[in-house]
Amino acid sequence: MPAEPEPAPGAARVAVPATPYAFEMDPARTALVIIDMQRDFLYPGGFGALLGNDVSMLLKVVEPLQAVLCLARAAGMAVIHTREGHRPDLADCPPSKLARGRLDTPIGAEGPNGRILIRGEEGHGIIEELAPVEGEIVLDKPGKGAFFATDLEHILRNAGITHLVVTGVTTEVCVHTTVREANDRGFECLVLSDCVGSYFAEFQEVGLKMIAAQGGIFGWVTPSPEFIAAVEPSVPLSAVARDRSLSS
Ligand code: TIU
């Protein structure tokens, strides 16, 4: 069995209280992954709404996720934003996905926020509240999982990332698919329960249970205040001072 990699010199090991037991992570080897916080899923007229969903269900994750993003930046964690979407010519969209749902306004059709789920369109963009900043990775993905047909695994391995804190939408679709893909590749995943959202209350509840059941079959689950309280002490004082001066 290869030995677990040692934490980088001076880096703190953090134990986040979680289900089914504490999630131990080193912020220097952990990435915050924010899945598909795009207008197409959160705003009226986008892909999520066209599928018949109540998009307001997802808005509740924005505020807790902003606090987590702020902390991850201060703690020096890698931040990865994903976007589900396709090339304007739809060459990367399987016919099965195009046909699914028998939509009047399918992927690629003109909607109120531009062409549905097409890269470069307004609706495809990440919402302002969680806009990526310089140095953060923005990963375009054609599927539900963030590892399928992307260079995510290569990026994570090159950066020495072993642990993922997974957030975004939707819990039982793109979040679940990504956590399952990550788990099979050996990444340890913590899902923040109030920072992932579903259009269906029952899927949210059961989706989270499925991750942490059976001793953590795919990963760990905890609410964001537990994560923030555990990671905050490892934030360098210089970053705290900078954040205070920015917010005053
Ligand atoms: N429809 C639905 O719940 N989700 C998606 O289509 N994509 C993501 O979850 N991002």
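Ligands are counted one by one from 1 in listed order, and the atoms in each one are counted from 1 as well. Computed from a predicted model, the values in this text were never measured in an experiment.
The shortest N or O to N or O distance between Lys144 and ligand 1 is below 3.5 Å. Residue contacts with ligand 1: Glu84 is placed with a nitrogen or oxygen under 3.5 Å of a nitrogen or oxygen of the ligand (distance criterion only).
Screening Arg83, His86, His81 against Asp140 for a side chain to side chain donor-acceptor pair (under 3.5 Å) leaves a single residue, Arg83. For the side chain to side chain donor-acceptor pair (under 3.5 Å) with Arg39, the qualifying choice from Glu121, Glu128, His124 is Glu128, the only one to do so. With respect to Asp92, the salt bridge (charged side-chain N to carboxylate O under 4.0 Å, His left out) criterion is satisfied by exactly one of Arg87, Arg119, Lys141: Arg119.
For Glu226 (side chain) and Leu192 (main-chain N/O), no donor-acceptor pair under 3.5 Å exists by modelled atom type. Counting only distance, with no hydrogens or angles, the side chain of Gln66 and the backbone of Glu129 share a donor-acceptor pair below 3.5 Å. Formation of a donor-acceptor pair under 3.5 Å by the His163 side chain with backbone atoms of Glu24 is found in this model. The closest donor-acceptor contact from the side chain of Gln204 to the backbone of Ser193 lies under 3.5 Å.
When each atom of ligand 1 is checked for a heavy atom of Phe47 under 4.0 Å away, the hits are 6 (O). Interface atoms of ligand 1 facing Asp36, defined by a heavy-atom separation under 4.0 Å, are 8 (C), 10 (N). In summary, the atoms of ligand 1 found under 4.0 Å from a heavy atom of Val169, numbered by their order in the structure, are 8 (C), 9 (O), 10 (N).
Here the heavy atom of the protein found nearest to atom 5 (C) of ligand 1 is Phe41 CE2, 3.4 Å. Scanning the protein for heavy atoms near atom 8 (C) of ligand 1, the closest one is Cys174 SG, 2.6 Å.
Contacts between Leu51 and ligand 1, counted as non-hydrogen atom pairs separated by less than 4.0 Å, involve the side chain only. Contact annotation for Thr170 and ligand 1: heavy atoms of both the backbone and the side chain come within less than 4.0 Å of the ligand.
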